[in-house]
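Not measured: the values here are computed from a predicted model. Numbers here simply count residues along the sequence, with the first being 1.
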Amino acid sequence: MRFRPCIDLHEGQVKQIVGTSLRDGSAPQTHFIAPHPPAYFAECYRRDQLFGGHVIMLGPGNEDAAAQALAAFPGGLQVGGGIRSDNAAAWLSRGAAQVIVTSYVFSDGQLHHNRLAQMVAAVGRERLVLDLSCSNRDGHYVVMTDRWQKATDFAISADNLALLAESCSEFLIHATGVEGKQQGIDAELVALLGEITPIPTTYAGGVSSTEDIEILRKLGQGKLDFTVGAALDIFGGTGLRYEDMLAYRGEGEDNRPNL
């Protein structure tokens with residue numbers, strides 16, 4: 001189990017927001033706006049050898065900020081937000097280790113196998129991460145798209161994850177119901193992922209204390225990496241210290257994913 005850092009970008013700035021508050025035409029609920037540029041955080045992660053974190057572009061106007069972060073830690077960070085088959089390779093050339101995709105392959109409420117195949121053709125399985133951020137709907141976790149406002153018919157199940165694992169090297173999964181709220185993890189989702197995920201998976205959502213991390217370790221059977229957002233001191237939080245997260249960076253100083 002490893003700590004995966006994050007850089008969430010909104011309107012060109014590093015922010016911590018409640019993900020479900022992202023809607024067109026209204027300002028999101030924001031916990032923190034960083035006084036530092038994105039490259040500052042990327043340089044910290046490079047210094048501390050924290051490979052495999054993610055840069056997420058939350059809406060338009062974040063491309064330059066994302067490129068600056070990738071340039072500060074080339075080969076060390078994944079990038080997501082608006083990634084398609086026609087621009088994915090360009091993000092790799094800008095220094096991304098991998099690209100993260102959701103809405104391009106999940107649209108109109110379903111998985112589009114042809115678009116998934118296009119992504120694999122564009123960047124290769126090892127450079128592709130699928131974001132399966134999900135919400136519990138009628139007792140089943142289903143993938144959410146379009147800023148987590150639209151539910152798909154794609155459930156988080158053993159068979160479905162095995163199917164997708166043939167086309168990607170990792171999953172990134174936000175528990176949308178608890179993301180950004182600092183109220184604890186979605187234990188039910190963590191336990192499910194610990195049982196069924198067939199490839200490296202990063203869990204995000206609600207991690208706000210060392211107790212949450214230990215629950216995640218136990219329920220996730222040590223299989224899940226994790227990220228911390230609003231609770232982390234470098235993002236204005238009080239629940240967890242960035243320096244303490246270095247204990248979770250993995251064996252040895254080089255913990256980069258196998259590409």
- Please walk me through it: do Leu130 and Thr102 pass side chain to side chain contact (heavy atoms under 4.5 Å, CB included)? CA-CA 6 Å; Leu130 289 180; Thr102 305; over 6 Å; no
- Salt bridge present between Arg4 and Asp225 (N-O < 4.0 angstrom): yes
- Query: Using 4.0 Å as the upper bound for N to carboxylate O, is an ion pair formed by Arg217 and Glu214?
  - Reply: yes
Would you check if [X] and [Y] make a side-chain contact, meaning some heavy-atom pair closer than 4.5 Å?
{"X": "Ile156", "Y": "Leu193", "value": "yes"}
{"X": "Ile173", "Y": "Thr201", "value": "yes"}
{"X": "Val99", "Y": "Gln78", "value": "no"}
{"X": "Leu216", "Y": "Leu224", "value": "yes"}
{"X": "Leu50", "Y": "Phe3", "value": "yes"}
{"X": "Leu240", "Y": "Asp233", "value": "no"}
{"X": "Trp91", "Y": "Arg127", "value": "no"}
{"X": "Thr145", "Y": "Thr152", "value": "yes"}

Has [X] got a side-chain atom pairing as donor or acceptor with [Y]'s backbone, closer than 3.5 angstrom?
{"X": "Asp146", "Y": "Gln149", "value": "no"}
{"X": "Gln110", "Y": "Ser107", "value": "no"}
{"X": "Asp8", "Y": "Ile56", "value": "no"}
{"X": "Asn87", "Y": "Gly82", "value": "yes"}
{"X": "Asp131", "Y": "Ile100", "value": "no"}

Check: [X]/[Y] side-chain N/O donor and acceptor closer than 3.5 Å:
{"X": "Asp159", "Y": "Ser157", "answer": "no"}
{"X": "Glu170", "Y": "Thr202", "answer": "no"}
{"X": "Tyr141", "Y": "Ser135", "answer": "no"}
{"X": "Asp48", "Y": "Tyr242", "answer": "yes"}

Nearest heavy-atom pair of [X] and [Y]: which atoms, and what distance?
{"X": "Arg125", "Y": "Val120", "value": "N-CG1, 4.0 Å"}
{"X": "Ile33", "Y": "Gln13", "value": "CG2-NE2, 3.6 Å"}
{"X": "Val79", "Y": "Ala96", "value": "CG1-CB, 3.7 Å"}
{"X": "Ser208", "Y": "Ala231", "value": "CA-CB, 3.5 Å"}
{"X": "Ala42", "Y": "Ala69", "value": "CB-O, 3.3 Å"}
{"X": "Pro200", "Y": "Ser169", "value": "CD-O, 3.6 Å"}

What distance separates [X] [atom1] from [Y] [atom2], expressed to the nearest 0.5 Å?
{"X": "Glu63", "Y": "Met57", "atom1": "CD", "atom2": "CE", "answer": "5.5 Å"}
{"X": "Ile185", "Y": "Ile213", "atom1": "CD1", "atom2": "CD1", "answer": "9.5 Å"}
{"X": "Asn114", "Y": "Met119", "atom1": "CG", "atom2": "CE", "answer": "12.5 Å"}
{"X": "Leu77", "Y": "Leu70", "atom1": "CG", "atom2": "CG", "answer": "6.0 Å"}
{"X": "Leu161", "Y": "Glu166", "atom1": "CG", "atom2": "CD", "answer": "12.0 Å"}
{"X": "His36", "Y": "Cys44", "atom1": "NE2", "atom2": "SG", "answer": "8.0 Å"}

- Task: Just say parallel, tilted or perpendicular for the rings of Phe41 and Tyr45, cut-offs at 30° and 60°.
- Result: tilted
- Message: Tell me whether the rings of Phe73 and Phe51 are parallel (<30°), tilted (30 to 60°) or perpendicular (>60°).
- Response: tilted
- Message: Would Arg115 pass as a cation-pi partner of Tyr104, given that its NZ or CZ must be under 6.0 Å from the six-membered ring centre and within 45 degrees of the axis?
- Response: yes
- Task: Mind running side chain to side chain contact (heavy atoms under 4.5 Å, CB included) on Glu195 and Gln221 for me, showing each step along the way?
- Result: CA-CA 8 Å; Glu195 288 288 341; Gln221 303 180 41; 3.0 Å; yes
- Is there a side-chain hydrogen bond (donor to acceptor under 3.5 Å, both in side chains) between Glu126 and Gln98 once you walk through the steps? CA-CA 8 Å; Glu126 295 303 316; Gln98 294 162 300; 5.9 Å; no
- Within 6.0 angstrom of Asp64 CG, more than 12 heavy atoms from elsewhere: no
- For the rings on Phe226 and Tyr248, is their centre-to-centre separation under 6.0 Å? yes
- Can you name the ring-ring contact (aromatic ring centres under 6.0 Å, His included) partners of His112, sequence neighbours left out? none
- Task: Start with the C-alpha gap between Val14 and Leu9, add the side-chain angles, then the distance that decides, and say whether side chain to side chain contact (heavy atoms under 4.5 Å, CB included) holds.
- Result: CA-CA 5 Å; Val14 177; Leu9 300 173; 3.9 Å; yes
- State which residues pass side-chain hydrogen bond (donor to acceptor under 3.5 Å, both in side chains) with Glu211; sequence neighbours excluded, sorted by chain then number. Ser209
- Derivation and outcome, side chain to side chain contact (heavy atoms under 4.5 Å, CB included), residues Leu172 and Ser133: CA-CA 7 Å; Leu172 170 63; Ser133 296; 5.5 Å; no
